[in-house]
Peer 1: 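I'd like to ask some things about the structure below.
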Amino acid sequence: MKIHEYQAKELFAKYNVTTQEGYVAETKEQAVECAKKLNASMYVVKAQAHCGGRGKAGGVKLARSIEEVEAAAEKIIGMRIVNKQTGAEGKLVRKVLVTDAVNIKKEYYLSLAIDNEHAAIVIIASGAGGTEIEEIAANQPELIVKQLVSPITGIKDYQARYVANRIGIPKANVKEFIVMLKNMYKLFVEKDCSLVEVNPLVETEEGKLIAIDGKVNFDDNATFRHPDILELRDIHEENPKEYEAGQHDLNYVSLDGSIGCMVNGAGLAMATMDIIHAFGGEPANFLDVGGTATTERVTAAFKLLSDKQVKAILVNIFGGIVKCDVIAEGIVIAAREVGLNVPLVVRLDGTNVERGKEILKESGLKIYACDDLRSAAKKAVEMAG
Ligand code: ADP
Ligand code: MG
């Protein structure tokens, strides 16, 4: 799960990770009120959307007066940020963060992430922080410092000091840096994060370290332990279909192809996608109805598949715990409710398969029933054109 920069900064403030005062606005009038509260001489107005690269996209603007704050907010609210991180449709900006402008002397990169290979939290840092960090990582990886953290000891002072020295934190700020990094770690562990990132961490002309951007992601499998974090969820930022699927405990991922798939079990879903590819087709989604599919869930799943990009639907169910007749009933109900108007190919096998096939036949719906996955996938690819 992702949150906005302003929410990340609220968490930073709670964990004593030095950041700035700032207020959120949904209209330019509110932005003016926010600026007045700040009592600053220069402001920055920042798009709040679940993506990075806002600066380069024109979503971060410096304002020298309250009037300029208003003008910047007017430009940013309602804009669409389109970059590598957002995909082609981009992200609509609904809110801005108004904060004071800092005098930047140097920008650093500092984050904590999960290193899957070592099953540990890793510190990633660089003296070349800011908006070019992706290019730096690709072209000058030697400028990036990594340090694995032992889950038993947490971050040790010597480790934090080593990172500070490597990335060129001034001597006078090293203590401050160590405290900041350890507080980020505390946040990471206590809230079950998957990423805590500060880019840039700024050294100001006045000689202070401040997190002027913040990104915090959470492990979805642990959010149930953190009702306070779940409250930060902004469903506008999520794929509406994936959100809807989550409400029904369905494992769903939107893809770009034209064949809607309904499958039980993640392994079978992957195999189904592979075989669709093998026959020259492209799946429109990954949808795993799970092992305990009820008629309601199958109906919900089927509705998710009824999308204009979907030209054919392939149902591939192996009834182990889930019974084929339950799946068949769900398909029939849902197909009637959504007014199915694309070809439906069904391959059922396993528990109660005969009863399942009967239900499909009796329904009178136009269904292509197949006995094995190969012929079903082939048929679906053919029907999708
Ligand atoms: P993004 O990473 O999405 O581009 P950032 O918050 O990192 O957004 O802002 C991009 C750049 O804008 C920063 O690297 C920094 O140079 C500048 N910037 C952002 N906030 C401020 C601020 N409060 N004061 C001065 N400069 C800022
Ligand atoms: Mg940034």
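Counting convention: from 1, in listed order, for ligands and their atoms alike.
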Peer 1: Looking only at heavy atoms, is any part of V102 under 4.0 Å from ligand 1, and if so is it the side chain, the backbone, or both, or is it neither?
Peer 2: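 V102 to ligand 1: contacts from backbone and side chain alike.
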Peer 1: Using a 4.0 Å cutoff against the non-hydrogen atoms of N199, which atoms of ligand 1 qualify?
Peer 2: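 Near N199, meaning under 4.0 Å from one of its heavy atoms, ligand 1 has 7 (O).
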Peer 1: Tell me which protein heavy atom sits closest to atom 21 (C) of ligand 1, plus the residue, atom name and distance to 0.1 Å.
Peer 2: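 The closest heavy atom on the protein side is I212 CD1, 3.5 Å.
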Peer 1: If we count only N and O atoms by modelled type, under 3.5 Å, do the side chains of Y162 and Q147 hold a donor and an acceptor together?
Peer 2: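 No.
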Peer 1: Taking K46 first and then E5, would you say they form a salt bridge - that is, a charged N and a carboxylate O separated by under 4.0 Å?
Peer 2: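 Yes, this pair counts.
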Peer 1: Taking heavy atoms and a distance under 4.0 Å, where does L62 meet ligand 1: side chain, backbone, both or neither?
Peer 2: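 Neither part.
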Peer 1: Restricting to N, O or S atoms, which atom of D213 is closest to the Mg ion (ligand 2)?
Peer 2: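 For D213, the N, O or S atom at the smallest distance from the Mg ion (ligand 2) is OD2.
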Peer 1: Please list the nearest protein heavy atom to atom 2 (O) of ligand 1 with its residue and the distance rounded to 0.1 Å.
Peer 2: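 Protein heavy atom with the smallest distance to atom 2 (O) of ligand 1: D213 OD2, 3.1 Å.
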Peer 1: Going by the atom numbers of ligand 1, which of them fall below 4.0 Å from some non-hydrogen atom of P200?
Peer 2: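 So the atoms of ligand 1 that pass are 7 (O), 13 (C), 14 (O).
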Peer 1: Which residue holds the protein heavy atom closest to atom 22 (C) of ligand 1, what is that atom called, and what is the gap in Å?
Peer 2: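 Result: V44 CG2, 3.4 Å.
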Peer 1: Relative to ligand 1, is I104 under 4.0 angstrom through side chain, backbone, both or neither, heavy atoms considered?
Peer 2: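 The part of I104 near ligand 1 is the side chain, not the backbone.
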Peer 1: Which residue holds the protein heavy atom closest to atom 6 (O) of ligand 1, what is that atom called, and what is the gap in Å?
Peer 2: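 Going by distance alone, atom 6 (O) of ligand 1 is nearest to K46 NZ, 2.6 Å.
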Peer 1: Strictly distance-based, threshold 3.5 Å: is any side-chain N or O of K241 a donor or acceptor partner for the main-chain N or O of L304?
Peer 2: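 Looks like yes, one N/O pair under 3.5 Å.
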Peer 1: Can you report which non-hydrogen protein atom sits closest to atom 3 (O) of ligand 1, along with the distance?
Peer 2: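 Answer, as residue, atom name and distance: R54 NE, 2.7 Å.
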Peer 1: Of the protein's non-hydrogen atoms, which lies at the shortest distance from atom 12 (O) of ligand 1, and what is that distance?
Peer 2: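 Ranking protein heavy atoms by distance from atom 12 (O) of ligand 1, first comes V60 CG1, 3.8 Å.
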Peer 1: Using a distance threshold of 4.0 Å (strictly less than), state whether atom 17 (C) of ligand 1 has a protein heavy-atom neighbour.
Peer 2: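 Protein heavy atoms within 4.0 Å of atom 17 (C) of ligand 1 - there are none.
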Peer 1: Under 4.0 Å from any heavy atom of G55, which atoms of ligand 1 are there?
Peer 2: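 Answer for ligand 1: 1 (P), 3 (O), 4 (O).
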Peer 1: Looking only at atom types and distance, does a side-chain atom of E21 sit under 3.5 Å from a main-chain N or O of D100, one as donor and one as acceptor?
Peer 2: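 Judged by distance alone, no pair lies under 3.5 Å.
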Peer 1: Going by atom types only, do H50 and D234 share a side-chain donor-acceptor pair under 3.5 Å?
Peer 2: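 Short answer, no.
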Peer 1: Out of curiosity, is Q20 lining ligand 1, as in a heavy atom under 4.0 Å away?
Peer 2: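 In this structure, Q20 qualifies as a contact of ligand 1 - some heavy atom is under 4.0 Å.
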Peer 1: Testing N199, L201, T204, I104 for side chain to side chain contact (heavy atoms under 4.5 Å, CB included) with I212, which one passes?
Peer 2: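 Output: one option passes, namely I104.
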Peer 1: Test L11 against L187 for side chain to side chain contact (heavy atoms under 4.5 Å, CB included), laying out the working first.
Peer 2: CA-CA 8 Å; L11 281 170; L187 163 65; 4.2 Å; yes
Peer 1: Any salt bridge linking D115 with K146? Criterion: basic side-chain nitrogen under 4.0 Å from a carboxylate oxygen.
Peer 2: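 Judged by the 4.0 Å cut-off on N to carboxylate O distance, D115 and K146 do not form a salt bridge.
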Peer 1: Output yes when E190 and K14 qualify as a salt bridge under the 4.0 Å nitrogen-oxygen rule, no when they do not.
Peer 2: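 A salt bridge is absent here (no side-chain N lies under 4.0 Å from a carboxylate O).
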Peer 1: Within T131, is some N, O or S atom less than 2.8 Å away from the Mg ion (ligand 2)?
Peer 2: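 No - counting backbone and side chain alike, T131 has no N, O or S atom under 2.8 Å.
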Peer 1: Nearest protein heavy-atom contact for atom 10 (C) of ligand 1: which residue, which atom, what distance?
Peer 2: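 Ranking protein heavy atoms by distance from atom 10 (C) of ligand 1, first comes T131 CG2, 3.8 Å.
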Peer 1: Return the closest protein heavy atom for atom 15 (C) of ligand 1 as residue, atom name and distance.
Peer 2: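 The closest heavy atom on the protein side is E107 OE2, 3.2 Å.
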Peer 1: Please determine whether residues L360 and M262 belong to a single hydrophobic cluster, defined as Ile, Leu, Val, Met, Phe, Trp and Tyr linked transitively by side-chain heavy-atom distances below 4.5 Å.
Peer 2: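 Same cluster.
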Peer 1: Does N352 use its side chain to pair, donor to acceptor, with the backbone of R355 at less than 3.5 Å?
Peer 2: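 Here the side-chain-to-backbone pair does not exist.
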Peer 1: Can you name the atoms of ligand 1, numbered from 1 with element, that are less than 4.0 Å from a heavy atom of G52?
Peer 2: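 Counting atoms of ligand 1 from 1, those under 4.0 Å from G52 are 3 (O).
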Peer 1: Judged by modelled atom types alone, do E33 and Y23 share a side-chain donor-acceptor pair under 3.5 Å?
Peer 2: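 No pair is found: no donor N or O on one side chain lies under 3.5 Å from an acceptor on the other.
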